[in-house]
Novice: 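The structure under discussion is supplied below as structure tokens; questions concerning it will follow.
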Amino acid sequence: MTEAVFQRCINPACLATVELTCTAFRCPKCGALMDVAYDWDRLQPPRSLRELEVEWTQRTNPLSFSGVWRFRRLLPFAPPQAIMTIGEGQTILQRADQVAAYVGLRPGRLYLQYEGMNPSGSFKDNGMTAAFSHARLVGARRAACASTGNTSASLAVYCSAAGQMRAIIFIGSGKISYGKLAQALDHGALTVQIAGDFDDALARVQQVSRQLGIYLVNSINPFRLEGQKTIMFRILEALGWEVPDWIVVPGGNLGNVSSFGKAFMELVQLGLIPTAPRLAVINASGANTFFQLHQIQALRWNGGHYDQAAISRYYDTLDAANARASTLASAIEINRPVNLPKALRALEFCGGVVRQVSDQETMDAKAKVATGGLGCEPASAASVAGVRQLVQEGVIDPDERVVCVLTAHQLKDPTATVAYHSADPQTFEEVLGKRGVRRATFANRAIQVPNDLNEIVKAIEVYA
Ligand code: F0G
């Protein structure tokens, strides 16, 4: 490869390269996943992370304003004219002492990286701006994804903002939250509902994209993962460029953990940080492929020589039992994570662990995050429930500095939230009980009062 930026197969025994503009996103020689690769000697990465601070002083330039593109020297694949930004990545790292007390960390040791502040309401915008810019670079006219909601909303927003590309989204029937479907429809995406779940939709969208030459924006697309690296850059920035001890993230298709691992591999390689933090990936127990393979079966990246047969055997047992992913945390209701090998690589580099949490633990953690001041969807709160477990196990020390990534906004799965707080046992049972949630430990029930001033005043004096 003679270019400074290209795509490279992640399999160390292959390392085949293809051009930046290729949109197959699979190795043409061995079928493995691809990385966006940089010949850093021919590019201008910063010599220190502090150098990047000058960007904010130039924020009338939309690229410097964006929380993704102000780090563009660390993802230098797109010429400025191809970049499509809608001001994504203006997110905050919040110190969360109330939540810290709940998970067993000392005050000042837990931070929440709130990605719900993105324009479409989830971390996906970090990756979508990057994939969308690549799509523009290669002249795509149509872009597609399979989604449980957030990816589709994000794609729909970017397509409508740019006005040059049609969004096509694949969703499992009955498997998308109303808030997210509303976004996709309102922003003009062609919405294809198929009889099946996310795993089915993802398999189909890959076939259809190949057949029709449609640009694919699911996280198998390595350009998505380049954008998501900036979530880590913003965390470091907010900590004055200090590296925390742990980054904790929910695991679905395992794009985030793969992207975070790549970010830290590159920062270490460039000498910009001394060491990587540890990574913890939290599965829902009803969608726990990564937990089963990494934690129980001890599947490891092993320098790239991971046991592919163990993965195939695991999927065969799922098929034989007709097992389907099932969790209230709809965003991570995924049994066949496409980025599994990259996630193994990330955990090897960062000394990572995987845990699983029940929907009960997730919903309780979500309520605690919300009373602590930030609103997130269930999948995001799995990270907080995971930290609680890791502290109880003694894997995370109460004095360590931990960052949980709250991947998306509270308004994604409001049915679950309202059912949790509802005083109506039937609503509770219908939405939560059948998923194994037994109690709303931190419920905040609405109070019923007659339409009478004295009664209303009395009730408020009793409860508040
Ligand atoms: N958190 C949220 C809020 C998500 O929407 C997703 C994925 C994940 C976590 C999982 O992230 O794949 O990087 O491990 N949502 C996809 C979607 C499935 O369609 O929006 P991952």
Side-chain angles (χ1 to χ4, degrees), residues 91 113-118 120-128 131 144-157 167 169-172 175-177 179-181 183-184 189 191 197-202 205 216-222 224-225 227-229 231-232 247-262 279-284 287-291 325 327-340 342-343 346-347 352 354 362 366 369 375-384 386 404-413 416:
T91 62
Q113 174 66 19
Y114 187 43
E115 290 300 310
M117 286 170 76
N118 274 293
S120 79
S122 85
F123 77 92
K124 303 283 179 179
D125 296 346
N126 293 286
M128 201 56 69
C145 67
S147 184
T148 57
N150 286 320
T151 309
S152 56
S154 183
L155 176 62
V157 167
I169 65 166
F170 284 56
I171 55 177
K175 291 283 185 186
I176 188 169
S177 82
K180 291 288 143 180
L181 183 59
Q183 283 177 291
T191 304
D197 62 10
F198 176 83
D199 290 316
D200 298 317
L202 184 57
V205 77
L216 185 66
V217 299
N218 279 105
S219 57
I220 191 173
N221 177 328
R224 270 270 312 269
L225 303 191
Q228 287 166 220
K229 290 191 311 193
I231 302 171
M232 296 301 104
I247 300 284
V248 188
V249 64
N253 240 339
L254 304 177
N256 267 330
V257 58
S258 302
S259 159
F260 301 169
K262 185 170 188 280
L279 289 174
V281 179
I282 312 301
N283 268 170
N288 64 355
T289 294
F290 198 38
F291 174 77
T327 168
L328 271 171
S330 57
I332 53 173
E333 194 176 51
I334 297 172
N335 260 349
R336 292 170 186 269
V338 288
N339 288 299
L340 186 87
K342 282 186 177 175
L347 292 198
V354 187
T362 291
K366 191 175 92 62
V369 169
C376 70
E377 69 167 88
S380 311
S383 63
V384 173
C404 285
V405 183
L406 297 184
T407 44
H409 201 274
Q410 192 173 30
L411 296 179
K412 160 86 175 295
D413 287 319

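Read the numbers this way: they start at 1 and go in the same order the structure lists the ligands and their atoms.
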Novice: For ligand 1, which atoms have a heavy atom of Ile334 less than 4.0 angstrom away?
Specialist: 18 (C)

Novice: Should you measure from each heavy atom of Ala408, which atoms of ligand 1 turn up under 4.0 Å away?
Specialist: 3 (C)

Novice: To which protein heavy atom is atom 17 (C) of ligand 1 closest, and what is the distance rounded to 0.1 Å?
Specialist: Thr151 OG1, 3.0 Å

Novice: Rounded to the nearest 0.5 Å, what separation is found between the OG atom of Ser152 and the CG atom of Asn218?
Specialist: 10.0 Å

Novice: Rounded to the nearest 0.5 Å, how far does CG of Asn256 lie from CD1 of Ile231?
Specialist: 5.0 Å

Novice: Below 3.5 Å, N or O to N or O, backbone or side chain included: is there any such pair between Gly255 and ligand 1?
Specialist: yes

Novice: Look at ligand 1 and say whether Gly251 reaches it with a heavy atom at a distance under 4.0 Å.
Specialist: yes

Novice: Less than 3.5 Å between some nitrogen or oxygen of Ser219 and one of ligand 1, yes or no?
Specialist: no

Novice: Quick one: look up the protein heavy atom nearest atom 11 (O) of ligand 1 and list residue, atom name and how far away it is.
Specialist: Phe123 CZ, 3.8 Å

Novice: With only distance considered, is Ile332 within less than 3.5 Å of ligand 1 through an N or O on each side?
Specialist: no

Novice: What residue and heavy atom of the protein are closest to atom 7 (C) of ligand 1, and at what distance?
Specialist: Lys124 NZ, 2.9 Å

Novice: Answer yes or no: does an N/O atom from Asn253 fall short of 3.5 Å to an N/O atom of ligand 1?
Specialist: yes

Novice: What about Gln228: any of its N or O atoms under 3.5 Å from an N or O on ligand 1?
Specialist: no

Novice: List the closest protein heavy-atom neighbour of atom 1 (N) of ligand 1: residue, atom name, distance to the nearest 0.1 Å.
Specialist: Thr407 OG1, 2.8 Å

Novice: Which residue and non-hydrogen atom of the protein lie closest to atom 5 (O) of ligand 1, and at what distance in Å?
Specialist: Asn150 ND2, 2.8 Å

Novice: Which protein heavy atom lies closest to atom 4 (C) of ligand 1, and at what distance to 0.1 Å?
Specialist: Ala331 CB, 3.2 Å

Novice: Using a 4.0 Å cutoff against the non-hydrogen atoms of Asn256, which atoms of ligand 1 qualify?
Specialist: 13 (O)

Novice: As an exercise, state the distance from OG1 of Thr407 to OH of Tyr114, rounded to the nearest 0.5 Å.
Specialist: 10.5 Å

Novice: With nothing but distance in play, are any N or O atoms of Thr148 less than 3.5 Å from an N or O of ligand 1?
Specialist: yes

